[in-house]
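The next block holds one structure in the form of structure tokens; read it before the comments.
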Amino acid sequence: MNIHEYQAKELLAKYGIAIPAGYPATSAAEAVEGAKKLPGPLYVVKAQIHAGGRGKGKFKELPADAKGGVRLAKSIDEVSSNAEEMLGNTLVTVQTGDHGKEVNRLYVTDGVDIAKEYYLSLLVDRASGRVAMVVSTEGGMDIEAVAHDTPEKITTITIDPAQGFMPHHGRAVAFALKLSGDLAKQCQRLAAQLYTAFIELDCAMLEINPLVETDDGKLLVLDTKMSFDSNALYRHKDVEAMRDESEEDPAEIEASKYDLAYIKLDGNIGCMVNGAGLAMATMDIIKLNGAFPANFLDVGGGATTEKVTAAFKIILKDPAVEGILVNIFGGIMKCDVIANGIVQAAKDVNLSVPLVVRLEGTNVEKGKEILDNSGLPIVSADDLGDAARKIVAEVKKTA
Ligand code: ADP
Ligand code: MG
């Protein structure tokens with residue numbers, strides 16, 4: 001689960017981490033109210049969306065030369081006019097995709113005199129099985145280019161979970177950032193605080209970009225992105241309360257209500273499969289046949305007719321879907337239950353795209369009978385390869 005920048009900063013502040021003052025706002029009036037509580041004379045108005053790259057982003061509704069999603073304002077009036085211009089419009093950044101994200105919330109924060117920008121993030125490094133700190137002297141808006149063109153400017157420091165964060169880790173971070181004296185001390189303290197926050201809050205990722213050195217020699221967190229391990233959210237009610245469903249894919253929210261594992265993808269063939277492994281294999285074989293899956297969907301082991309119906313409806317709501325492949329191995333889950341769900345859902349939603357079904361396992365004959373007698377144009381397949389070929393051919397036919 002992701003949260004907004006202003007929420008992440010609230011959490012970090014609880015760990016004693018230095019954050020510039022700021023206030024969230026959902027209207028220009030609220031933005032002005034927030035700005036009045038700040039010392040000024042420089043303010044920054046920041047779009048709050050669950051995506052990075054806001055500074056270099058473009059608003060769909062505004063002229064191409066209009067400013068992006070992070071704007072400096074030199075007066076309260078400028079805070080107001082920038083807020084007016086941003087709210088309700090769609091911000092497109094490298095991370096949002098072409099459709100962009102509607103900006104419904106802003107963060108008005110203190111403008112900081114920046115001497116230098118650094119990069120510092122923590123993540124779960126699967127290769128080493130440890131939390132890693134990734135740092136670079138080249139922080140700011142071009143960190144992706146740094147990673148691509150000059151990877152030697154990025155240092156990774158891993159932390160043994162049995163040992164925890166040690167002073168030498170902090171020194172290594174400060175050294176990698178080429179800091180000395182008081183700045184190095186601030187950096188060591190910050191690295192330790194961030195590690196504690198990361199572990200205590202069960203984060204999946206915590207990124208500070210930029211971490212800045214101010215003109216008067218302070219290290220400040222200017223931007224932060226935080227995401228959490230969903231499986232540990234039950235331990236953090238305060239974090240769970242920060243969920244902003246308007247930032248999430250409505251289909252994924254709907255799927256979670258029925259306990260379905262659903263991830264939207266970019267292709268045109270909807271998949272309904274039981275078991276994550278079979279779902280992955282199904283997606284692979286669709287690709288092998290020259291098409292792309294529209295989603296990953298695992299209905300799980302003990303699905304009911306209702307669950308299958310819900311899954312079907314979620315797939316069909318995606319306008320990109322031009323055909324559906326159902327691939328079910330009936331073990332615990334019986335083929336006739338699946339078949340009933342498919343028929344029920346197809347009738348409920350007036351199925352308008354080709355449907356290929358491959359059933360195998362418990363009660364397969366009963367299942368096939370239900371499909372055959374449904375009066376629906378369902379194409380039956382014998383195995384995985386056959387099913388993939390058939391759905392790709394069906395979709396090409398209608399294209
Ligand atoms: P994003 O990463 O989404 O583009 P950031 O918050 O990192 O958004 O802002 C982009 C850039 O704007 C930063 O790299 C920094 O140079 C500048 N910036 C952001 N916040 C402030 C601030 N409070 N004061 C001064 N400059 C800022
Ligand atoms: Mg940033």
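Order of listing sets the numbers, starting from 1, for every ligand and every atom in it.
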Exactly one of Lys60, Glu102, Glu61 clears side chain to side chain donor-acceptor pair (under 3.5 Å) with Thr90, and that residue is Glu61
Any side-chain donor-acceptor pair under 3.5 Å between Tyr23 and Glu30?
-> no
Are Asp125 and Thr158 close enough that a side-chain donor and a side-chain acceptor fall under 3.5 Å?
->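 No, no side-chain donor-acceptor contact under 3.5 Å.
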Are any of the side-chain nitrogens in Asp386 or Lys390 under 4.0 Å away from the carboxylate oxygens of its partner?
-> yes
NZ/NE/NH1/NH2 to OD/OE distance under 4.0 Å, Glu78 and Arg71 =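 The answer is no: the pair does not qualify as a salt bridge.
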For atom 23 (N) of ligand 1, state which one of Thr224, Asp110, Val221 supplies the nearest heavy atom.
->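 Minimum heavy-atom distance to atom 23 (N) of ligand 1 goes to Asp110.
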Between Glu207, Arg71, Lys56, Glu117, flag the one that comes closest to atom 13 (C) of ligand 1 by a heavy atom.
->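 The nearest heavy atom belongs to Glu117.
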Counting both backbone and side chain atoms, is some N or O of [X] under 3.5 Å from an N or O of ligand 1?
X: Gly53; value: yes
X: Gly111; value: no
X: Glu5; value: no
X: Gly140; value: no

Counting each atom of ligand 1 from 1 as listed, which ones have a heavy atom of [X] under 4.0 Å away?
X: Val70; result: 8 (O), 9 (O), 12 (O), 19 (C)
X: Asp223; result: 1 (P), 2 (O), 5 (P), 6 (O), 7 (O), 8 (O)
X: Asn209; result: 7 (O)
X: Arg54; result: 1 (P), 3 (O), 4 (O), 5 (P), 6 (O), 8 (O)
X: Pro210; result: 7 (O), 13 (C), 14 (O)

Point-to-point distance, once rounded to the nearest 0.5 Å, from CD1 of Ile17 to CG of Leu194 = 4.0 Å
Considering all protein heavy atoms, does one lie under 4.0 Å from atom 17 (C) of ligand 1?
->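 Under the 4.0 Å cut-off, atom 17 (C) of ligand 1 has no protein heavy-atom neighbours at all.
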So is Pro20 in contact with ligand 1, going by heavy-atom distances below 4.0 Å?
->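 It does not; every heavy atom stays at 4.0 Å or beyond.
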Looking at the Mg ion (ligand 2), which N/O/S atom of Asp223 is the nearest one?
->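 Atom name of the closest N, O or S in Asp223: OD2.
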Just wondering, do Thr155 and Phe175 contact through their side chains at under 4.5 Å, heavy atoms?
->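 No - every pair of side-chain heavy atoms lies 4.5 Å or more apart.
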